[in-house]
Number of protein chains: 2
Amino acid sequence: MRKRRSLAMNLDAVAQRAGVSTSTVSRVLNNLEIVKSSTRSRVLKAAEELNYHPNLHARSLARGKSRILGIIVSNMENPFFFDIYRTLEADAHAQGLEVVVANTDYRSEQLLASVQLMIGLRVAGLAVIVSEMEQHLIQTVSGSRIPAAFYDVGTPQKNITNIRVDYRKGIKKTVSYLNALGHKRMAFVGHHSTLGPISERRKTFLESVHRCSPGAEPRIFAGPDGLDGGRQAARELLESGFRPTAILCVNDFMAVGVMRELREEGLQIPRDVSVTGFDNIKLAEFCSPSLTTVHIPREQIGHIIFDHVLGNSREEREVGREIVIDPELVVRDSTGVAAKN
Amino acid sequence: MRKRRSLAMNLDAVAQRAGVSTSTVSRVLNNLEIVKSSTRSRVLKAAEELNYHPNLHARSLARGKSRILGIIVSNMENPFFFDIYRTLEADAHAQGLEVVVANTDYRSEQLLASVQLMIGLRVAGLAVIVSEMEQHLIQTVSGSRIPAAFYDVGTPQKNITNIRVDYRKGIKKTVSYLNALGHKRMAFVGHHSTLGPISERRKTFLESVHRCSPGAEPRIFAGPDGLDGGRQAARELLESGFRPTAILCVNDFMAVGVMRELREEGLQIPRDVSVTGFDNIKLAEFCSPSLTTVHIPREQIGHIIFDHVLGNSREEREVGREIVIDPELVVRDSTGVAAKN
DNA sequence: AATTTTTCTGCAAACGCTTGCAGCGCAGAC
DNA sequence: GTCTGCGCTGCAAGCGTTTGCAGAAAAATT
């Protein structure tokens with residue numbers, strides 16, 4: 001006898017109390033129907049009385065796998081991530097899976113830790129919805145043999161599906177729309193980030209503007225992600241003396257921050273300057289003025305991810321696929337014809 | 001020999017490759033300093049080459065506990081919950097703990113499932129920040145012997161700390177402030193919920209109004225939680241023909257929804273009607289007009305919870321304590337003197 | 001060189017569960 | 001009365017770790 005835990009709240013305790021073996025208890029708790037119903041109720045009663053909760057670690061260990069869907073996101077506060085998460089969670093619960101979430105806060109060391117956690121937990125499937133993916137981590141996940149889906153990481157890998165939104169199209173639509181309204185002097189507000197998706201939006205913005213109105217000199221500003229960051233970027237823009245007639249923002253939160261600062265400066269939206277966002281979060285509809293933005297179908301993305309990780313699209317998943325989603329422009333009140341001056 | 005897993009990615013594999021025993025590998029991986037450094041590097045190399053990730057289930061099982069902080073919240077989308085979660089997460093990571101979050105979506109069956117999950121995971125500590133707590137669940141948690149803290153569940157229990165905000169004070173401050181501005185006809189916008197904290201705010205609102213301006217006939221409206229719900233409640237208010245000079249909302253999101261609808265109706269804020277919120281989320285500062293609201297120090301709450309669950313306040317926690325936090329009124333642009341009519 | 005000490009490593013039990021297999025008791029068939 | 005079959009239950013191995021203890025190897029002391 002080595003150690004002896006005082007309160008051994010395990011199958012044995014329940015078994016003893018019910019006068020059966022641990023295997024029987026296990027079978028009852030797992031609803032295997034080979035148990036006589038009288039035994040069954042005795043066991044259930046005992047478990048109840050002891051306030052017994054099966055040890056999921058032991059269970060996963062014995063089964064060799066867990067019934068857990070792992071989700072990693074950059075920033076739960078951002079509705080873009082949150083909505084995908086919410087959908088995934090609903091799908092998982094519908095299949096009786098539990099969900100474990102990890103937030104990376106855009107930090108790559110935290111992403112690494114989260115990936116390790118998920119692999120360590122031997123999750124049944126893994127969805128990684130982050131902006132800060134790195135190639136070697138993809139290899140790590142791929143090597144773990146856990147079915148996984150990534151959001152926007154470039155090329156799909158063996159065992160891994162990649163979903164992405166065609167941001168270029170979204171930006172192009174926005175720029176042509178603004179161009180049609182007569183806007184030439186435009187600015188882009190991004191966030192401090194060299195991450196793929198972000199710099200792609202920035203690049204596409206420049207290209208589009210150059211193509212639509214060759215003479216224009218588009219400018220780029222940036223701040224940290226979020227409401228504050230947008231405000232800060234707008235501050236810099238104003239102080240630079242540059243007076244665009246339209247400002248494209250990398251996401252809706254930043255756009256709301258931008259609008260706030262512009263208003264503070266006495267500028268009217270969209271009379272003096274038009275503003276657009278990206279993502280089409282709920283707030284875009286509720287802020288004032290309501291925000292013209294690019295809609296990204298987050299629920300659809302969530303469902304697709306779930307299907308490819310744990311759903312019925314198994315065969316396709318095995319191969320590793322890429323799925324591209326087209327975004328739509330949603331016009332609201334924050335954009336109008338360009339100011340003449 | 002029973003089963004034989006083809007790819008046994010376990011300690012043994014690493015041990016074999018490094019030519020040592022599993023115990024040695026374990027010691028290396030856990031940084032126990034009794035291992036000779038040459039052996040140590042051999043082991044690390046082997047682990048690296050095999051892309052080995054320790055099975056956390058097995059580890060927790062062997063250790064009898066996990067290094068995981070469990071967090072249960074009602075609605076991650078609501079910054080009130082999110083900010084507490086964020087703080088808890090930061091504190092946990094600072095101590096090398098991993099975090100597992102569960103979202104109940106205000107549904108009590110989901111809360112039950114989440115509690116089961118956390119107990120099943122044998123988390124090192126549990127923070128439950130939900131509005132929909134039920135008494136028997138508190139007992140369940142208490143019986144599990146997991147150190148826990150609850151937010152606003154009434155009486156503290158053995159092994160469990162209870163934190164709460166003095167909502168009554170927050171409401172009273174708001175009502176007296178509005179009263180001082182000359183407001184008599186007031187409405188309260190809550191959400192459909194018989195949950196403790198919510199109905200407490202409602203009740204306190206009625207009491208305060210009756211005390212401040214005895215003749216007034218305060219009215220109550222409600223919708224689902226969130227931006228949409230606020231809008232919907234405001235719709236009902238407008239259709240009812242009641243024309244308050246001030247509207248208190250149960251939280252900031254609903255307040256923003258309310259303002260949106262009022263604006264749509266052509267009402268100006270605060271000229272025609274004042275609006276207040278509760279929580280002081282970031283958005284309150286960024287919406288237009290910026291929102292007068294009651295600040296709840298969510299970070300502070302997060303830190304306190306962490307301390308009481310896993311921090312150094314162990315002794316106090318053992319006893320089970322209650323901690324009450326005072327909220328502050330933050331005046332911004334959505335409130336002004338009452339319209340004369 | 002013999003002994004003691006120290007440093008390092010391996011053995012094997014334990015953690016709480018699942019599950020293949022064997023076995024028990026009992027009903028019905030012969 | 002023996003046999004067969006079936007429904008139910010128990011035995012025990014195994015899942016991948018940790019860790020107390022003992023033993024081997026190396027270093028220090030005599």
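Order of the sequence lines fixes the chain letters, A, B, ..., with proteins taken first and strands second; residue numbering starts at 1 for each chain.
Residue contacts for Thr39(A): at a heavy-atom cut-off of 4.0 Å it reaches the sugar-phosphate backbone alone, with no base atom in range. Nucleic acid contact for Thr24(A): sugar-phosphate only, since backbone atoms but no base atoms lie under 4.0 Å from a heavy atom of the residue. Across all strands, Ser23(A) comes closer than 4.0 Å to base atoms (heavy-atom distances).
Nucleotide dT18(C) holds its P atom 12 Å from the CG atom of Asn31(A), rounded to whole Å. Rounded to whole Å, atom P of dT5(C) lies 21 Å from atom CD1 of Ile34(B). The CZ atom of Arg63(B) sits 22 Å away from the P atom of dA13(C) (whole-angstrom rounding). Atom CZ of Arg59(B) is separated from atom C1' of dA14(C) by 17 Å (rounded to the nearest Å). Rounded to a whole Å, the NZ atom of Lys36(B) is 8 Å from the P atom of dA27(D). Put simply, CG on Leu29(A) is 11 Å from C1' on dC17(C), counting in whole angstrom units. Here dG10(D) presents its C1' atom at 8 Å from CZ of Arg27(A), a figure rounded to the nearest Å. Taking atom CG on Asp12(A) and atom C1' on dA14(C), their separation rounds to 12 Å, with Å as the unit.
Nearest-nucleotide positions on DNA chain C for Leu56(A) and Ser37(B) put Ser37(B) closer to the 5' end.
Side chain to side chain, Arg40(A) and Asn31(A) meet the donor-acceptor criterion of an N or O pair below 3.5 Å. Residues His93(A) and Asp91(A) have side chains that never bring a donor and an acceptor to within less than 3.5 angstrom of each other.
Of the listed nucleotides (dC11(C), dG16(C), dT17(D)), dG16(C) has the atom at the smallest distance from the side chain of Ala58(A). Relative to the side chain of Ser26(A), the nucleotides dC15(D), dT17(D), dT19(C) differ in distance, and dT19(C) lies closest. If you check dG16(D), dA12(C), dT18(C) against the side chain of Thr22(B), the one that comes closest is dA12(C).
Classification of the Phe81(B)-Tyr106(B) ring pair by plane angle, with boundaries at 30° and 60°, yields perpendicular.
One finds no side-chain N or O of Asn10(A) lying less than 4.0 angstrom from the OP1 or OP2 phosphate oxygen of dC15(C).
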Quiz item: Would Tyr151(A) and Phe80(A) count as a ring pair (Phe, Tyr, Trp, His ring centres under 6.0 Å) if you check the C-alpha gap in whole Å, the side-chain angles of each, and the deciding distance to 0.1 Å?
Solution: CA-CA 12 Å; Tyr151(A) 180 77; Phe80(A) 170 75; 5.4 Å; yes
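For the atom pair Leu117(B) CG and Leu56(A) CG, the distance stands at 6.5 Å (nearest 0.5 Å).
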